[in-house]
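This report concerns only the one structure given below.
Position 1 is the first residue of the sequence, and the numbers go up from there. The figures here come from the full heavy-atom set of this structure, side chains too, leaving out hydrogens, waters and symmetry mates. Small disclaimer: the values here were computed from a predicted structure and weren't measured. Both counts, for ligands and for their atoms, begin at 1 and track the order of listing.
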Amino acid sequence: MKVLNPLLLLGASLSSTAVSVSAKAILGVDLGSLYMKVALVQRNSPLEIVTNLHSKRKTEQMVLFDQGSRFYGADASSLMARKPHLTPSQMTILLGRAHDHPSVQVLKERHYHFQPAYNSTRSGVCLTIDNVEFTPEELVAMVLTHAKDITAAYGVTTPLKDCVLTVPSFYTQHERRALLDAAELAELNVLALVNENTAAALHFGIDRIDDKPLNYLFYNMGAGALQVSVVRYLSYPHKATKYAKEKNVGAFEVLGSSWDATLGGASFDARLVEFMADEFNVIWNEKRKTTDKDVRAFPRAMAKLMIQANKVKHVLSANTDIPVFIDALQDDINYQTHISRAKFEEICHDLLERAAKPIEAALKMANVTLDQLDAVEMIGGAMRVPKVQEAVKEALGGNLVLGMHLNSDESMALGAAFHGANVSTSFKVRHVGLADVNPFPIAVDLTDLSVGKEEKKSGGGLFGKKKDDDKKKKKKGGDDDDDEWAKHATIFKLGSKLGVKKTIAFSYDKDVHVEVNYEENDNLPIGTGLSIEQYDVSGIAEFAKEMADKELGTPKVSLQFELDGSGITKLIKAEAVVEETVMVEEEVEVDDEEEKKEETEEKAEEKKDDDAEKEAETETKEDDKKEEKKEEKKKTKTVQKEKKKKHVRALSVNSYHVGTIRPYSPEIMEESKAKLDALAQKDKERIMLEEAKNNYEGYIYYIRNKLIDDEEDVNKVSSEEQREALRKSGEEAEDWMFDEGFTADLKTYEAKYEELSAPAEKVFFRVAELSARPKAIKALTSKLDKVEALMKKWETTMTHITEEERKEVLDKVEEARKWVEEKVAEQEKADQTADPVFTSAEVPGQTKKIESIVGRLTKKPKPKPEKKTETDADKNETTSEGESTESEDLDAKDAESTDEAEEKKEEGKEEEAEEKKDGDEL
Ligand SMILES: *[C@@H]1O[C@H](CO)[C@@H](O)[C@H](O)[C@H]1NC(C)=O
Ligand SMILES: *[C@@H]1O[C@H](CO)[C@@H](O)[C@H](O)[C@H]1NC(C)=O
Ligand SMILES: *[C@@H]1O[C@H](CO)[C@@H](O)[C@H](O)[C@H]1NC(C)=O
Ligand SMILES: *[C@@H]1O[C@H](CO)[C@@H](O)[C@H](O)[C@H]1NC(C)=O
């Protein structure tokens, strides 16, 4: 492990360089709706974009299913027009949505090649591809797995697990949960979800430290949707740490966001497709003298038009006119036309009118007026359309220059990766504060659990509008019908911050049913199920009874909810408390005033609770209440005092989902995992089969070339028949490959390879041995010569080694020489076209015995010299012979252990650094 530079640790020098204390990598994945971008953060590297197998920085979000195998990115895209019915794309649009969701409806209008259909077992829509049903989660998981694969191919050798994924800001919890399920299927650990504009604003803000707050508008028109966010950049002093003085750090908060979830580049493309289809139909019908021909019925032709439409839109962003020519679009008829920018604007005029609408809404939510806006940044591919820019400029009053400082395609993925490094404990990055905003108000509804259960049995799915009506009826009748207990509270308001916890507290003595719901709101996409999650909270009744038996009051139940940074709401804590008043003798401070103040505070609290009861309304309060610390004082006296003793009970919570669209159940998760594993296995087999085919084909060429290139040597070690057999086996193998081999499986290929290569290898081995044997013998002889020379030298330098001992060595040398002589003679006499008498591999082994004897003799201790003065000389001599004494060995060990100690120290430093990080952030 390396010592970390503390300056680097705090990101003071290189802001976009993350310093990791472990060899980890974190991915930032922007799935987009058409293209996926993958950003990477790893130890001591700057943030970077991962290039895919085709060296491209973005990868098509699609999968091609072809003969049981899957292909991704450009490999899938290049076949899209030919196999549209096997190539699903834009799968993220289907995540967590019903088939009648507006965004899904739009897909259908745009000639999506698949019919998303609801499956009640899955509680979600599915696509049928080649007669197999796939959930959007499965398809997105495939793309995410591909993201891991391209990152590994990019050269990241550490296991890839941690990631941050971007989501549109209008994703509801249903969609976010579905994406998390997809990530789980892809075996990814999602550190956080981050809104696309927020990720872009983060990437834009990494290096910013603004003296005064600045309001930015991010206008992001991507392929699928338009998102607008108002963001405030500011800076604040960051407290001093061990490594750095107090200094200003940058931060930003999202103040408001708005969107048009179905307006994007794809909407313009779709208009062009319709225009071109109509135009082509006219040409077609004229040519064939018909009236009923419609190119829309032909998926391949439509796929061609879609590709063409995208091209037209791009070209018209820079040019005013584009010629279009598609060869034999359908029925052997070419499509030829011109499309002008004016025409484009005419057919898209209503879309263009929608382009500026969300700006006003975002500003309103942010409570920022036009003149309070300091700058605007444009992102997303579709903002390049000139009319879109015009509309934005006009909506902003014409004063602001449209900033285009961000790399539209990549800033979201890069921001996500940076966010991941910040969230992860394995990295330390520059401090950038981030606060995002909640776009949908979220409420909690409480009912008696027994009532709730009955309702569920009879009423089925509590979902959407119907349920809301039910609730209203219930509430109105609440006062008359004293059996019905119900509470309603908004816990996370529209525009509140993400990453907060809220607790609701109420007094009750029965188990409760808790519903977390979206409140009806214009922001909420039409067709969104209102129910987020439901919980049965039990243990209250039992606890209440226990308390009643002790003649204590009704429990106060508190439920803590979290709206986390990823925009996911959940119940995280449920407990019931009963306070018992007991009289105790206590030493209290003499200071009377303080005592009084405390008492009043306590009373005030109780009164508040009562009020809440009376109004039958739930008390909502912020959690971060500070515990007041009592300071101990020296002067005390003993008094009788009322003291509160708390009985606390953790409640048990059972959570579940209702409604037509639900997150994966554990069973479905298992089923999907098995399905994906089977597909992965098939892909792997396909790749192995391809390799086996290549190897087999390669060997055929190898035989052919070897027989020609090494003809002379081959002739030396093979008979004419043997050579003829090799030639024939190669030809037969080639014929087989193009016949049966075309459909043969892996096992067959492996067997055929063995059959082909075994006889050939025998001949080619003999060829190799022709030169390998002499070479080995030469090396052996030279070694033997050296040993002989050493023995000669020892006569004078190593006098303590006896003549017998040296003779033993020399005898063995002689033996080895003899072995070589005999073997060479034998081989010369033998049949050259059969297995050789000996191989080059056997030769080096002949010196093994000799080496071991010499080694032993080298270590033989010298007799101790008599006189001290000679010691030095002796020592010098021994050392020069390369003999290592025991004391030297020990020294070496000491040196090693010092190294270790130093390493430990370094590790210690790193640990300290990490601890420090935790300390800082918490
Ligand atoms: C719905 O999904 C289940 C579970 O994956 C599957 O077994 C079933 O075939 C699907 N239903 C239809 C109608 O395709
Ligand atoms: C909106 O901002 C103005 C100041 O610019 C402030 O006076 C007002 O209270 C804010 N409104 C809300 C609802 O926060
Ligand atoms: C980084 O983490 C800190 C501490 O949790 C948090 O305050 C800050 O907002 C985070 N910033 C980003 C960009 O994630
Ligand atoms: C031993 O070797 C060292 C350096 O090689 C030399 O300086 C020294 O004089 C030598 N001692 C004797 C006694 O030869």
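Among protein heavy atoms, atom 3 (C) of ligand 2 sits closest to Asn367 ND2, 3.6 Å. The closest protein non-hydrogen atom to atom 5 (O) of ligand 2 is Gln372 NE2, 3.4 Å. Scanning the protein for heavy atoms near atom 1 (C) of ligand 1, the closest one is Asn119 ND2, 1.4 Å. At the top of the distance list for atom 4 (C) of ligand 1, counting protein heavy atoms only, stands Glu671 OE2, 3.3 Å.
Each of Glu133, Glu670, Glu138 was compared with Lys675 under the side-chain hydrogen bond (donor to acceptor under 3.5 Å, both in side chains) criterion, and only Glu138 meets it.
In this structure, Arg208 contributes its side chain and Phe204 its backbone to no donor-acceptor pair below 3.5 Å. Under the 3.5 Å distance criterion, the side-chain polar atoms of Thr87 are matched with a main-chain donor or acceptor of Lys83. No donor-acceptor pair under 3.5 Å is formed between the side chain of Asp210 and the backbone N or O of Lys212.
Side chains of Asp30 and Thr166: a donor-acceptor N/O pair is present below 3.5 angstrom, by distance only.
Proximity of atom 11 (N) of ligand 1 to the protein is indicated by at least one non-hydrogen atom lying closer than 4.0 angstrom. In this structure, atom 7 (O) of ligand 1 is not in close contact with the protein, since no protein heavy atom lies within 4.0 Å of it. Atom 14 (O) of ligand 2 lies below 4.0 Å from at least one non-hydrogen atom of the protein.
The shortest N or O to N or O distance between His419 and ligand 3 is under 3.5 Å.
By the criterion of a heavy-atom distance under 4.0 Å, the side chain of Leu202, and not its backbone, is placed next to ligand 3.
The shortest non-hydrogen separation linking Leu406 to Phe218 is CD1-CE2, 3.7 Å.
For ligand 3, the atoms sitting less than 4.0 Å from at least one non-hydrogen atom of Val432 are 8 (C), 9 (O), 10 (C), 11 (N), 12 (C), 13 (C), numbered in the order shown with element in parentheses.
Between Ser103 and Arg97, the closest side-chain pair of non-hydrogen atoms falls below 4.5 Å.
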